[in-house]
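Here the structure is laid out as structure tokens; the discussion comes afterwards.
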Amino acid sequence: MKKKRFFEGIDLGTIFNTVPAALFILDSDARIMDINTSAARLIDQKSDITLRRLCGDALHCLHAQNAPKGCGTTEYCPDCVIRSSVIESCKGQRTVKKKADLLVQKNNNIKPCVFLISASPFTHRRVPYTILSMEDITELAMLKKLIPICSACKKIRKDDNFWESIEKFLDHQYGAKMSHGICPDCAKKLYPDLDLDDHLH
């Protein structure tokens with residue numbers, strides 16, 4: 001008796017939508033044929049609105065939005081990791097975890113985003129397609145950057161040359177709330193006459 005395979009009878013769309021990474025099915029022009037739930041959340045759109053749009057347009061790429069003919073027509077497009085991964089994939093090559101920097105423009109706000117891109121080729125009815133996976137690592141990439149900090153007051157310099165306290169910076173960037181204490185070295189400098197050893201441990 002032939003053993004039944006695990007996936008027999010399971011709807012592939014259900015599996016596609018449970019993957020936590022944003023998944024796009026793209027044709028060789030980087031036009032969106034389908035997306036999963038995570039991809040819809042990433043681009044803030046319903047899947048039926050997104051279908052047949054070019055990937056850069058759906059992702060709110062700044063360069064695509066400022067070009068009269070959109071995604072694929074700008075001077076930046078030949079260097080786009082997403083586009084080149086799709087082109088390579090439709091030729092049968094796989095891309096695994098390439099870093100892609102993307103300037104995203106939503107509601108007149110421009111935000112740099114960083115993604116890990118993987119692309120795998122497949123054919124359907126003899127037409128080449130790509131499954132593109134996009135993992136948002138913007139916060140992780142930001143943590144690895146050098147953060148300009150004042151050597152005296154420890155304020156952080158933001159991109160607009162505005163200085164804010166380290167507490168506000170961490171709260172705005174990462175939602176981290178600070179609780180204040182005092183380290184033993186500072187306690188000795190600020191309160192040299194008090195015996196704070198019992199209170200600092």
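Side-chain atoms are counted along with the backbone in the values below, which use heavy atoms only and exclude waters and symmetry mates. The model shown is predicted, which means the values in this text are computed figures rather than measured ones.
For residues 81-98, the side chain to side chain donor-acceptor pair (under 3.5 Å) pairs, not counting sequence neighbours, are S89-T130, K97-E135.
Annotation: side chain of L103 is not in contact with side chain of Y76 (no heavy-atom distance under 4.5 Å). The shortest distance between side-chain heavy atoms of F115 and L102 falls below 4.5 Å. With contacts defined as side-chain heavy-atom distances shorter than 4.5 Å, the pair C55/V86 does not qualify. I82 places a side-chain heavy atom less than 4.5 Å from the side chain of L132. Put simply, the side chain of F24 does not reach to within 4.5 Å of the side chain of I131, judged on heavy atoms. Between L23 and F16, some side-chain heavy-atom pair lies under the 4.5 Å cut-off. Considering only heavy atoms from C-beta on, K99 stays 4.5 Å or farther from V81 through its side chain. A 4.5 Å side-chain heavy-atom check between V104 and L62 finds every atom pair outside the cut-off.
Under a cut-off of 6.0 angstrom, the local environment of NZ in K106 is crowded, with over 12 non-hydrogen atoms contributed by other residues, nucleotides or ligands.
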Let's go through R52 and M33 carefully: what are the C-alpha distance in whole Å and the side-chain angles of both, what is the deciding distance for side chain to side chain contact (heavy atoms under 4.5 Å, CB included) to 0.1 Å, and is it a yes or a no? CA-CA 6 Å; R52 307 302 298 168; M33 309 308 291; 2.5 Å; yes
Check the pair H60, Q65 against side chain to side chain contact (heavy atoms under 4.5 Å, CB included), reporting the backbone distance first and the verdict last. CA-CA 7 Å; H60 311 286; Q65 288 187 27; 3.2 Å; yes
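The CD atom of E164 lies 10.0 Å from the CD1 atom of I166; values are rounded to the nearest 0.5 Å. Atom NE2 of H124 sits about 12.5 Å away from atom CG of D27, to the nearest 0.5 Å. Interatomic distance, CD1 of I137 versus CD1 of I117, reported as 9.0 Å (0.5 Å rounding). Separation of atoms CG (L26) and SG (C90) is listed at 8.0 Å; rounding is to 0.5 Å. Annotation: the span from H63 atom NE2 to D79 atom CG amounts to 10.0 Å, rounded to 0.5 Å. Annotation: the span from R53 atom CZ to I32 atom CD1 amounts to 7.0 Å, rounded to 0.5 Å.
Side chain of N17 to backbone of T37: a donor-acceptor contact under 3.5 angstrom is found. Listed for the N66 side chain is no donor-acceptor partner under 3.5 Å among the backbone atoms of T74. For D101 (side chain) and V114 (main-chain N/O), no donor-acceptor pair under 3.5 Å exists by modelled atom type.
A pairwise comparison of heavy atoms in C77 and G72 identifies SG-N, 3.2 Å as the closest pair. Listed here is the closest heavy atom pair of D29 and L54: O-CD2, 3.3 Å. Across T138 and D136, no two heavy atoms sit closer than the pair OG1-OD1, 2.6 Å. In plain terms, the two heavy atoms of D57 and C71 that are nearest each other are OD1-N, 3.1 Å. Closest non-hydrogen pair, S38 versus A21, comes out as CB-O, 3.4 Å. When all heavy atoms of T123 and P128 are compared, the pair lying nearest together is CG2-CA, 4.1 Å.
Under the 4.5 Å side-chain contact rule for hydrophobic residues, V19 and M134 do not share a cluster. Neither I25 nor I43 shares a network with the other; the hydrophobic side chains, linked directly or stepwise wherever heavy atoms of I, L, V, M, F, W or Y lie under 4.5 Å apart, form separate groups for each.
Contacts of V127 classified as side-chain contact (heavy atoms from CB on, under 4.5 Å), with partners at least two apart in sequence or in another chain: Y129.
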